[in-house]
*Asks:* 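This is the structure I want to talk about, given as structure tokens.
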Amino acid sequence: MIMNITLDPLTRIEGHLSIKVDVDNNKVVKAECAGEMFRGFELLLRGRHPMDAHMITQRICGVCPIDHGMASTSAQEAAFRVSPPTNGRLLRNLIQGANYVHSHIVHFYQLSALDFIDVTAIIGYTGKDDALLLLQDWVKSQLQSEKIFPAAPFLPRYEGTYAADAELNVMALKHYLDAMTMRRQAHEAAAMFSGKIPHSTSLMPGGVTELARANTLAAYRSIAERLRAFVVGVYMPDVIAVAKAFPQYFTYGRGPDTYLSYGGFPENDARTEFLLPSGVVRKGALEVFDASHIGEEVKHSLFNSKSGLHPSRGETLPEPGKSDAYSWLKAPRYDGQPMEVGPLARFMVALLKTPKSPTVVLGQDILSQLKLGPEVLNSVLGRHLVRALECKAVVERMLDWVDQTTPGELTFKEFELPQEGEGMGLTEAARGALGHWISVKKGVIDNYQCVVPTTWNASPRDDHDVAGPIEQALVGTPIADPKNPVEAARVVRSFDPCLACAIH
Ligand code: NFE
Ligand code: MG
């Protein structure tokens with residue numbers, strides 16, 4: 001008998017995501033992923049001054065505002081025919097890098113770890129760490145009380161199989177608390193050049209208006225070194241410990257095995273070389289990425305725009321109540337195919353494009369220690385592992401970008417604002433390929449379109465009824481207890497979805 005299970009809202013992600021799965025014989029046989037609200041950023045940009053775009057679009061999200069700022073300023077720069085000087089590019093990498101490190105740390109510890117780590121293990125803690133003793137008191141008192149929300153955000157939870165090793169659980173809970181300090185420090189580092197965080201005031205088309213001062217660079221470096229120590233010494237080992245405790249999660253959560261990366265963190269001023277390389281992987285082969293292949297389909301989306309439009313000509317025409325439609329996300333497709341985006345996509349591109357890069361070599365090493373090959377990466381644990389590897393690569397490269405920045409040199413290029421222009425701005429956000437498209441006519445924004453990472457990953461079915469990446473990844477997931485579908489939640493969270501971004 002087929003059972004319908006709904007996870008709504010799925011907690012410990014950003015925004016409102018509804019997951020519906022059909023379970024037959026304790027296995028998911030069909031999944032639907034729905035974004036449940038409309039925001040309309042693309043519509044409220046129309047008719048505004050083009051210099052408003054990067055300020056407004058950063059408000060799409062508080063987690064990845066810098067990524068939206070990067071896509072937006074790049075689109076403006078293409079339309080305005082200007083590009084940042086070397087120092088401007090480097091300061092942007094420093095800001096975006098710190099924003100990435102915050103995002104990946106939060107995703108593992110605050111959003112995902114409690115899928116695997118047993119928070120109730122703290123009750124048996126006999127050590128003397130003040131923070132852990134406070135946590136223990138709190139969990140104990142909440143468990144004993146009649147409160148409706150005991151020990152939120154830790155409990156209640158879906159019951160299921162959590163890590164059995166008490167030492168691993170307590171250590172991970174300590175790191176959960178430490179991660180909050182690290183995340184704050186990543187924000188502090190970003191704000192040194194972004195003016196404030198979230199939502200930078202210094203990021204502008206033409207570069208960054210904050211100056212490159214030697215003392216600020218030194219302060220940034222000292223935080224980046226602390227972040228690196230945490231990522232290398234704590235985050236990476238914790239992900240590997242979880243991988244050893246839950247090896248079956250290298251087999252759950254298999255996505256469409258098609259990957260897209262626009263390229264992230266430009267390494268040259270022409271912005272053609274990237275720390276995180278660009279490319280498309282289909283059928284195990286690397287292809288050159290070509291933006292003309294992108295189209296957004298809407299058959300099952302709550303929009304009545306023409307289906308399959310390229311975002312440079314995209315439309316946002318909401319139609320609540322549309323029949324046969326179930327999501328406020330469009331379905332972005334590449335040559336009509338769903339594509340997974342994010343750290344796994346970037347790693348799969350790097351595996352074929354830069355196989356000797358330190359990240360790929362380390363990834364292969366870790367897999368061979370676990371007696372596994374790269375084919376297992378298309379999975380829940382694969383996504384967690386490559387996200388940690390990428391965090392290490394970014395935080396290490398941040399130190400090089402500090403060294404490459406020349407104190408006192410220009411960070412911003414002046415330009416004249418044209419009355420007409422069109423531009424595409426692509427970046428790799430923490431969660432994957434992010435594109436903004438701007439069209440300026442008679443001095444105002446005529447059209448603005450965003451195609452966002454989670455719109456790719458959490459997309460609904462397309463014009464050919466092909467399911468989106470998260471929907472595909474859910475199919476086949478075993479569900480031991482339909483009242484506690486923790487396995488499905490683990491699959492979805494491995495993508496680090498952000499629905500606030502996805503619906504924009
Ligand atoms: Ni709201 Fe975002 C990232 C963007 S997600 S977090 O990373 O762009 O789709
Ligand atoms: Mg859009």
Side-chain angles (χ1 to χ4, degrees), residues 13-17 33 35 38-46 53-54 57-72 74-75 96-97 99-107 111 198-199 260-262 264-265 276 294-298 301-303 305 307 309-318 327-333 339-346 383 387 390-391 394 424-438 447-460 468-470 492-493 495-504:
I13 63 157
E14 288 291 328
H16 299 88
L17 173 63
C33 213
F38 176 71
R39 297 180 77 199
F41 271 83
E42 290 159 339
L43 296 181
L44 62 85
L45 282 157
R46 298 180 93 166
H54 66 284
T57 55
Q58 287 191 78
R59 269 70 188 175
I60 289 173
C61 186
V63 182
C64 66
I66 301 304
D67 300 321
H68 286 287
M70 293 292 296
S72 192
S74 303
Q96 195 179 14
N99 200 216
Y100 250 64
V101 173
H102 118 85
S103 183
H104 284 2
I105 288 175
V106 165
H107 175 256
L111 302 181
H199 310 133
L260 167 67
S261 164
Y262 294 155
F265 298 102
L276 308 176
I294 300 169
E296 287 197 295
E297 303 187 0
V298 297
S301 309
L302 293 154
F303 294 93
S305 354
S307 201
L309 291 176
H310 186 266
S312 63
R313 297 285 169 269
E315 295 173 352
T316 305
L317 300 168
S327 180
W328 283 108
L329 276 69
K330 292 179 186 171
R333 294 295 185 259
M339 305 298 272
E340 177 166 350
V341 301
L344 178 60
R346 294 189 280 256
R383 291 187 191 93
R387 191 176 287 111
E390 173 176 279
C391 195
V394 170
M424 167 175 80
L426 305 180
T427 187
E428 280 295 310
R431 286 156 194 74
L434 170 65
H436 286 201
W437 282 260
I438 191 172
N447 199 15
Y448 201 99
Q449 291 283 308
C450 313
V451 182
V452 179
T454 301
T455 320
W456 286 96
N457 285 338
S459 72
I470 294 179
V492 179
R493 290 200 188 101
F495 284 85
D496 192 4
C498 173
L499 270 287
C501 273
I503 54 171
H504 53 273

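Indexing begins at 1, ligand by ligand and atom by atom, following the structure's order. Side chains included, hydrogens not; waters and symmetry mates left out as well; all remaining heavy atoms used.
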*Asks:* Taking atom 2 (Fe) of ligand 1 as the center, what protein N, O or S atoms are found at less than 2.8 Å?
*Replies:* Cys64 SG
*Asks:* How close do Cys498 and Thr454 get, counting heavy atoms only, and between which atoms?
*Replies:* N-OG1, 3.0 Å
*Asks:* When you compare the side chains of Glu296 and Ser305, does any donor N or O come within less than 3.5 Å of an acceptor on the partner?
*Replies:*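 Side chains of Glu296 and Ser305: no pair found under 3.5 Å.
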*Asks:* Can you tell if the side chain of Pro497 reaches within under 4.5 Å of the side chain of Val492, non-hydrogen atoms only?
*Replies:* yes
*Asks:* Taking the Mg ion (ligand 2) as the vertex, how big is the angle to OE2 in Glu42 and O in Cys450, rounded to 10°?
*Replies:*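 So the angle at the metal works out to 90°.
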*Asks:* At less than 2.8 Å, would any N/O/S atom of Glu296, backbone or side chain, sit next to the Mg ion (ligand 2)?
*Replies:*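 False for Glu296.
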*Asks:* Are any of the side-chain nitrogens in Glu340 or Arg383 under 4.0 Å away from the carboxylate oxygens of its partner?
*Replies:*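 Looking at Arg383 together with Glu340, the answer is yes, because their closest N to O distance falls below 4.0 Å.
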*Asks:* Testing the basics here: between Leu260 and Met339, what is the closest heavy-atom pair and its distance to 0.1 Å?
*Replies:* CB-CB, 3.9 Å
*Asks:* Are side-chain heavy atoms of Pro318 and Leu43 found at a separation under 4.5 Å?
*Replies:*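 Yes. Closest side-chain heavy atoms under 4.5 Å.
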*Asks:* Taking atom NE2 as the centre, does His199 end up with more than 12 heavy-atom neighbours from other residues, nucleotides or ligands that are less than 6.0 angstrom away?
*Replies:*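 Yes, NE2 of His199 has more than 12 neighbouring heavy atoms, counting only those of other groups under 6.0 Å.
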